[in-house]
Peer 1: 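Right, I'll just put the structure down here and ask away after.
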Amino acid sequence: MTAKAILGHRAARRAAKLEATAVRLEALQLPNSGQWLRRAREMALARLNHMGLPDRRDEYWKFTDPNTLLQPEVLPAKILDITDAAMDFVAFDRLKIVFVDGVFDADASDDLSSEGLEIVRLAEAGASDIHWAREFYGTLEAEGQKPVDRPLAALNTVLATDGVVIRVTGKVSRPVSLIYLRRETDAEMILHHLVRVEEGAELTLLENGPGAARLNTVTEAWVADSAALHHVRTQGRDHERRAATHFFAQLGAQSVFKSFTLTANGALSRNESIVWLNGNGGSAHVAGAAMGDGKFHHDDTVFVTHAAPDCESRQVFKKVLRNGAVGVFQGKILVRRAAQLTDGYQISQALLLDETSQFLAKPELEIYADDVKCSHGSTSGEIDADQLFYLRARGVPEEAAQGLLVLAFLAEAVEEIAHEDLAEEIRRKLDGWVSRHN
Amino acid sequence: MLEIKNLHVKLEEEDKVILKGVDLTVEAGKVHAIMGPNGSGKSTLAYVLSGRDGYQVTEGSVTLEGEELLEMEPEERAALGLFLAFQYPVEIPGVGNMTFMRTSLNSIRKARGQEEMSSAEFLKVMRAKAKELKIDAEMLKRPVNVGFSGGEKKRNEILQMAMLEPKMCVLDETDSGLDVDAMRLVADGVNALRDAGRGFLVITHYQRLLDHIKPDVVHIMADGRIVKTGGPELALEVETNGYTEILAEAGAAA
Ligand SMILES: Nc1ncnc2c1ncn2[C@@H]1O[C@H](COP(=O)(O)OP(=O)(O)O)[C@@H](O)[C@H]1O
Ligand SMILES: [Mg+2]
């Protein structure tokens with residue numbers, strides 16, 4: 001094909017895509033909401049119409065087929081009679097906010113008023129003309145559409161039916177815990193949360209529970225100067241659910257953002273993290289551990305932008321795959337010209353327990369500053385035969401030895417959790433999963 | 001204790017024969033040494049005894065206290081009381097030394113139908129034994145063998161041996177890479193375990209270790225066979241004359 005023909009082909013493809021998007025979006029009913037929220041939804045809808053819904057031919061979706069995340073009908077997902085995903089963090093003193101099939105459940109939730117915290121439901125903030133959320137809702141999502149389209153996030157801004165709006169003004173030691181329960185086999189959960197951690201304030205945000213047959217969540221977080229946001233999430237054993245999540249975080253000077261996600265099974269998970277280091281000396285760590293067995297497709301897509309000097313970022317992702325499971329990692333570190341003395345690190349690794357599983361990785365660095373330290377690496381391998389033999393020669397049965405090596409492989413990602421008691425909770429959970437597999 | 005009869009071993013992946021008929025019996029309470037030039041098959045023998053993959057036994061048998069060893073999984077051999085101190089101890093990032101040791105000890109106890117050792121008791125015993133080998137608490141907390149010096153790795157092997165109190169100990173060049181002080185610690189560790197119910201097979205290239213661990217019997221291995229067997233004086237002969245003379249003599253005899 002000539003260059004001109006390629007351009008023509010592209011233009012035709014784009015036209016077809018926008019056409020399909022328009023048809024699909026026209027059928028959408030915007031949820032009832034107050035005036036400003038309705039306007040924000042309409043703006044997101046306009047963005048979405050402009051970029052088009054994704055398909056497998058988009059570069060950003062070449063490893064993961066978005067179709068089942070987008071199609072109008074939700075594929076039903078069997079509800080497992082194991083409740084362990086809902087039980088995570090159960091021993092922790094925390095402020096519980098419960099959603100059932102994507103709808104806030106006031107009776108099951110704790111009192112939302114708490115020292116150093118303001119929490120309201122999105123609908124409530126949306127109904128009030130003067131709520132601060134008005135200036136924030138959808139703005140990081142919109143910002144995150146450059147340089148790469150994130151249509152599922154825009155779709156969420158259009159359609160989110162519920163969510164919480166949190167402002168943190170002090171150092172809050174009791175975690176806020178978002179718990180997603182499910183009752184219906186074909187429910188969809190579309191939640192949009194806003195989190196503002198003000199100067200010097202601190203929050204730990206937990207998320208757990210199966211959620212729904214299909215879920216699309218967006219969290220937009222602003223971490224102000226010298227503030228800290230810790231995020232620990234478990235996407236538990238729910239074999240058939242499909243999830244698209246976006247976590248947008250904008251960081252101020254000397255601030256800290258640490259996010260960790262544990263995923264075990266699920267038919268499809270696409271977890272995107274989009275982080276901007278906008279103030280001097282910020283620190284952002286995004287990590288994940290995933291264990292997939294069988295029909296499992298797990299995609300971590302991370303985009304970290306260093307826009308200010310002296311910041312540090314780490315991406316640490318580990319996946320253990322077997323029986324045909326697929327792992328994907330797309331990670332980028334973008335260092336802007338102003339971001340001198342950037343320290344960027346990225347590692348993605350897969351442990352393939354058999355030959356039917358696969359790991360697809362696209363690590364990227366894009367650097368415009370000259371005085372930076374950035375490294376990245378991506379590997380996939382099997383269990384080390386020498387390590388396995390060493391353990392067995394010391395009397396550890398083969399399966400237990402393999403389990404120990406799986407846990408060892410995931411350890412580096414779990415270490416990214418700052419709070420030792422939360423890290424311990426995750427390790428306990430992994431331990432349980434590994435021994436159950438054996 | 002350990003009876004090796006006419007053991008022939010080749011590599012699984014290629015047609016390379018490494019052991020060509022090894023006969024060796026280690027009695028309870030005795031220390032046997034195997035010496036021999038590099039490449040003579042000493043490590044292969046140690047690996048075959050402990051059940052490593054990659055080797056094929058084409059002839060012969062091995063029993064430990066009358067039980068057929070070669071049919072067993074490595075972990076079953078360990079539970080039966082066989083221990084190999086590795087020539088090259090393996091690093092395991094992400095697994096703490098303590099976790100490793102406790103899992104090992106309790107796996108073996110479980111396989112024998114014994115109760116697991118409590119965490120408190122385990123800690124006490126482990127600390128005491130580590131102290132004797134001058135292994136500090138910091139090292140115990142680190143991942144298995146990661147960042148350990150050569151000597152530290154070897155001492156860690158002996159610590160594991162002391163913890164597991166195996167019936168039959170096979171030490172593969174535990175002396176290589178050790179300075180004089182470390183060698184004495186290792187030797188003391190081995191000597192402390194010597195008793196009437198336990199057998200040792202000490203593989204070494206040099207005679208020095210045998211100054212500290214006095215062997216009852218010394219075997220010389222060359223090209224996959226035991227070519228000569230004698231008392232401690234055989235080790236001294238190797239030390240003064242090297243292998244060439246002994247091998248020439250053995251070759252002439254054969
Ligand atoms: N896995 C292997 N692959 C190829 N060659 C091997 C392997 N294991 C042992 N050998 C060969 O077998 C011979 C004996 O090796 P080894 O048992 O390590 O001797 P030693 O411990 O006495 O130095 C050597 O020639 C060595 O290269
Ligand atoms: Mg050797």
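What you are looking at is a predicted structure, and each value in this text was computed from that prediction instead of being measured.
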Peer 1: Under 4.5 Å heavy-atom distance to chain B, tell me which part of A:Glu398 shows up: side chain, backbone, both or neither.
Peer 2: both
Peer 1: Who wins among A:Leu410, A:Leu404, A:Leu405, A:Leu407 for the most heavy-atom pairs under 4.5 Å with chain B?
Peer 2: A:Leu404
Peer 1: At their closest point, which heavy atom of A:Phe389 faces which heavy atom of B:Ser50, and how far apart are they?
Peer 2: CZ-OG, 3.5 Å
Peer 1: Is it the side chain or the backbone of B:Arg77 that comes within 4.5 Å of chain A heavy atoms, both, or neither?
Peer 2: neither
Peer 1: Got a salt bridge between B:Asp53 and A:Arg392, using NZ or NE/NH1/NH2 to carboxylate O under 4.0 Å?
Peer 2: no
Peer 1: Aromatic rings B:Phe100 and A:Tyr390: how do their planes relate, parallel, tilted or perpendicular, breaks at 30° and 60°?
Peer 2: parallel
Peer 1: Looking at A:Arg394, A:Glu415, A:Glu412, which has the largest count of heavy-atom pairs under 4.5 Å with chain B?
Peer 2: A:Arg394
Peer 1: Taking everything shown except A:Glu382 itself, do over 12 heavy atoms lie less than 6.0 Å from its CD?
Peer 2: no
Peer 1: Report the option among B:Pro143, B:Gly54, B:Ala78, B:Ser104 that has the most heavy-atom pairs separated by less than 4.5 Å from atoms of chain A.
Peer 2: B:Ser104
Peer 1: Between B:Val144, B:Leu82, B:Thr103, which has the largest tally of heavy atom pairs under 4.5 Å with chain A?
Peer 2: B:Thr103
Peer 1: So do B:Pro93 and A:Phe409 actually touch side chain to side chain, heavy atoms under 4.5 Å?
Peer 2: no
Peer 1: Would you check if A:Val396 and B:Glu75 make a side-chain contact, meaning some heavy-atom pair closer than 4.5 Å?
Peer 2: no
Peer 1: With a 4.5 Å cut-off on heavy-atom pairs, point out which of A:Pro397, A:Ala411, A:Ala401 contacts chain B the most.
Peer 2: A:Pro397
Peer 1: Is the number of heavy atoms from other residues, nucleotides or ligands within 6.0 Å of CD (B:Glu13) greater than 12?
Peer 2: no
Peer 1: More than 12 heavy atoms of other residues, nucleotides or ligands under 6.0 Å from CZ of B:Arg112: is that the case?
Peer 2: yes
Peer 1: More than 12 non-hydrogen atoms from neighbouring residues, nucleotides or ligands closer than 6.0 Å to CD on A:Glu420, yes or no?
Peer 2: yes
Peer 1: I need the residue from B:Lys110, B:Gln160, B:Glu91 with the largest number of non-hydrogen atom pairs under 4.5 Å to chain A.
Peer 2: B:Gln160
Peer 1: Considering residues, nucleotides and ligands other than B:Glu68, do more than 12 of their heavy atoms fall under 6.0 Å from its CD?
Peer 2: yes
Peer 1: B:Ile92 versus A:Leu391: any side-chain heavy-atom pair under 4.5 Å?
Peer 2: yes
Peer 1: Looking at A:Glu364, I want to see if its CD is surrounded by more than 12 non-hydrogen atoms of other residues, nucleotides or ligands under 6.0 Å.
Peer 2: yes
